[in-house]
Student: 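Can you read through this structure? Questions will come right after.
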Amino acid sequence: MIRRRSTPWIHKWSRPIIAAIAGCGTLVTGYLTIEKLTGGSAACIAQAGTRGCNDVLSSPWGTVFGQPLALFGCLAYISMMIFALAPLVVNSENSNQRKQIENWTWLLLLVGAIAMSVFSGYLMYVLAFQIKALCPYCLASAFFSLSLLVLTILGRTWEDIGQILFTALIVAMVTLIGTLGVYAGVNTSQTPGSTGQQRISFIPTPAQTPNPEYGWEITTNSGEAEIALAQHLAKVGAKEYVAYWCPHCHEQKLIFGKEAYQIINEKVKVECAGDSPKGKPELCRAANIQAFPTWIINGQTYSGVQNLTELAKITDYTGPTNFKYFK
């Protein structure tokens, strides 16, 4: 009598575990995406003098093609969940078809896990040596990506180990080259806080009631760089949609400073609050504004507080960049 080999437990449960880890990654990156798009501040405990999660979100590496990097991470985790669960939910009486689905999804899981791990490794380097911040969400996402790779390799019997090595090499090279290409324009010398900039925070909101005409008083002063950028934004037709009672809108004002924001106020800003003397809510509805502040530049929408280095980059600004403040 021939005894059948028992299936290792990791092979039985690898797909559900992969899906569960990808689900955790989806929650983390989804939360960061929502905070970035709505201009919120991610809940993150950082010691005094230590840069945290919001510094990462607002850094040049936090945005790709005008959208939050976390959004692309969220889509990647959702894809990994679909690949992991597809053979488990597809009812197919054809064993060959089911086997084909399993093989293809395992290959997609391998490619996805390798790409995510390589990209996470690059971001960990940036986090440690460029931004110099402590971001628990970023560390958690990197751990999830590495866990997905380990489970994908150990979760089934790969008939050809050379296939794994060859696939890993090709995918890693393509991912790394693509990543370096996407971030080729990032000027590390302009990373917020890297040149003695002062961090701005208007949270928690003071008890003082904002004035419907101008909100709270701007307490920061502008330098030549802030004024030049404000003039450039007005020249290229940028629009900033705000509400006078919005704390994050006031953070944006503080980053520009009093003198520069006077230019923004006159030529760029659109007040969305209907009870403000300067309110033009109909323009905000026409532009489909969902959160404050929201910038619309060259037809692209950028939600939330924007560091001046980001605004300079997306508008091809070439003036002085010794900005004084960042979020």
Side-chain angles (χ1 to χ4, degrees), residues 14-46 51-86 88-89 105 108-109 111-124 126-127 131 133-152 175 178-179 182-183 203 246-248 251 288-295 300-307 310 314 327:
S14 56
R15 285 183 178 271
I17 295 174
I18 288 173
I21 294 175
C24 293
T26 301
L27 292 176
V28 170
T29 52
Y31 167 70
L32 294 178
T33 300
I34 292 172
E35 291 299 323
K36 178 67 175 179
L37 291 176
T38 59
S41 298
C44 182
I45 300 176
R51 308 182 69 200
C53 307
N54 293 302
D55 299 303
V56 178
L57 292 177
S58 60
S59 74
W61 289 274
T63 303
V64 177
F65 304 125
Q67 300 299 324
L69 175 61
L71 173 61
F72 297 95
C74 185
L75 295 176
Y77 282 117
I78 291 175
S79 299
M80 294 295 281
M81 272 199 299
I82 294 174
F83 298 153
L85 296 176
L88 304 180
V89 298
T105 51
L108 290 171
L109 283 169
V111 170
I114 293 170
M116 293 172 69
S117 296
V118 171
F119 188 73
S120 293
Y122 171 80
L123 291 182
M124 289 301 100
V126 170
L127 199 69
I131 307 177
L134 179 62
C135 176
Y137 301 108
C138 307
L139 295 174
S141 182
F143 174 76
F144 293 151
S145 297
L146 186 59
S147 299
L148 291 176
L149 178 59
V150 172
L151 282 168
T152 300
T175 302
T179 299
V182 168
Y183 289 121
I203 306 297
C246 165
H248 297 297
E251 285 183 328
N288 194 29
I289 302 303
Q290 304 294 326
F292 306 118
T294 292
W295 290 84
Q300 296 292 321
T301 300
Y302 304 88
S303 298
V305 179
Q306 305 295 316
N307 280 315
E310 295 180 70
I314 60 182
K327 183 183 185 303

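These values consider heavy atoms only, across backbone and side chains, with no hydrogens, waters or symmetry-generated copies. Computed from a predicted structure; not experimentally measured.
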Student: What's the verdict on side-chain contact (heavy atoms from CB on, under 4.5 Å) for Leu139 and Met124, showing C-alpha distance, side-chain angles and the deciding distance?
Tutor: CA-CA 8 Å; Leu139 295 174; Met124 289 301 100; 3.6 Å; yes
Student: Testing Trp61, Phe65, Phe119 one by one against Val182 for a side chain to side chain contact (heavy atoms under 4.5 Å, CB included), which residue passes?
Tutor: Phe65
Student: Could you state the interatomic distance from CG (Leu148) to CD1 (Ile17), rounded to the nearest 0.5 Å?
Tutor: 11.0 Å
Student: I'd like to check Ser145 versus Leu149 (side-chain heavy atoms, cut-off strictly below 4.5 Å). Are they in contact?
Tutor: no
Student: Could you check if a side-chain atom of Ile314 sits within less than 4.5 angstrom of a side-chain atom of Gln300, using non-hydrogen atoms only?
Tutor: no
Student: Is there a side-chain contact between Pro16 and Leu88, using heavy atoms and a 4.5 Å cut-off?
Tutor: yes
Student: Check whether any side-chain N or O of Thr33 sits under 3.5 Å from a backbone N or O of Leu71 as a donor-acceptor pair, and report yes or no.
Tutor: yes
Student: I'd like to know whether Ile114 forms a side-chain contact (heavy atoms from CB on, under 4.5 Å) with Thr175, so could you lay out the CA-CA distance, the side-chain angles of the two residues, the decisive distance to 0.1 Å, and finally the verdict.
Tutor: CA-CA 9 Å; Ile114 293 170; Thr175 302; 5.9 Å; no
Student: Please report the closest heavy-atom contact between Leu109 and Ile18, naming both atoms and the distance.
Tutor: CD2-CG2, 4.1 Å
Student: Tell me which pairs pass side-chain hydrogen bond (donor to acceptor under 3.5 Å, both in side chains) where either residue lies in residues 66-76, with sequence neighbours left out.
Tutor: none
Student: Is the backbone N or O of Leu85 less than 3.5 Å from a side-chain atom of Arg15, with the two atoms forming a donor-acceptor pair by type?
Tutor: no
Student: Under 3.5 Å, is there a donor on one side chain and an acceptor on the other for Tyr77 and Ser141?
Tutor: yes
Student: Work out which heavy atom in Thr105 is nearest to a heavy atom in Ala86; give both atom names and the distance.
Tutor: CG2-CB, 4.1 Å
Student: Suppose we screen for side-chain hydrogen bond (donor to acceptor under 3.5 Å, both in side chains). Which residues come up paired with Gln290, at least two apart in sequence or across chains?
Tutor: Asn288
Student: State, to 0.1 Å, how close Gly304 and Trp295 come at their nearest heavy-atom pair, and which atoms those are.
Tutor: O-CD1, 4.1 Å
Student: Just by distance, with hydrogens left out, do Thr29 and Tyr137 show a side-chain donor and acceptor under 3.5 Å apart?
Tutor: no
Student: Going through the distances and angles, do Val126 and Tyr122 end up as a side-chain contact (heavy atoms from CB on, under 4.5 Å)?
Tutor: CA-CA 6 Å; Val126 170; Tyr122 171 80; 3.7 Å; yes
Student: Check His248 against Phe292 and note the closest heavy-atom contact, atom names and distance.
Tutor: CB-O, 4.2 Å
Student: Evaluate side-chain contact (heavy atoms from CB on, under 4.5 Å) for Leu123 paired with Cys138, printing each intermediate quantity in order.
Tutor: CA-CA 8 Å; Leu123 291 182; Cys138 307; over 6 Å; no
Student: Looking only at non-hydrogen atoms, find the nearest pair between Tyr183 and Val64 and report the distance.
Tutor: OH-CG2, 3.4 Å
Student: Test of understanding: with ring-ring contact (aromatic ring centres under 6.0 Å, His included), list the residues that count as partners of Phe143, not counting sequence neighbours.
Tutor: none
Student: Taking all non-hydrogen atoms of both residues into account, name the closest pair between Ala113 and Met80 and its distance.
Tutor: N-CE, 3.7 Å
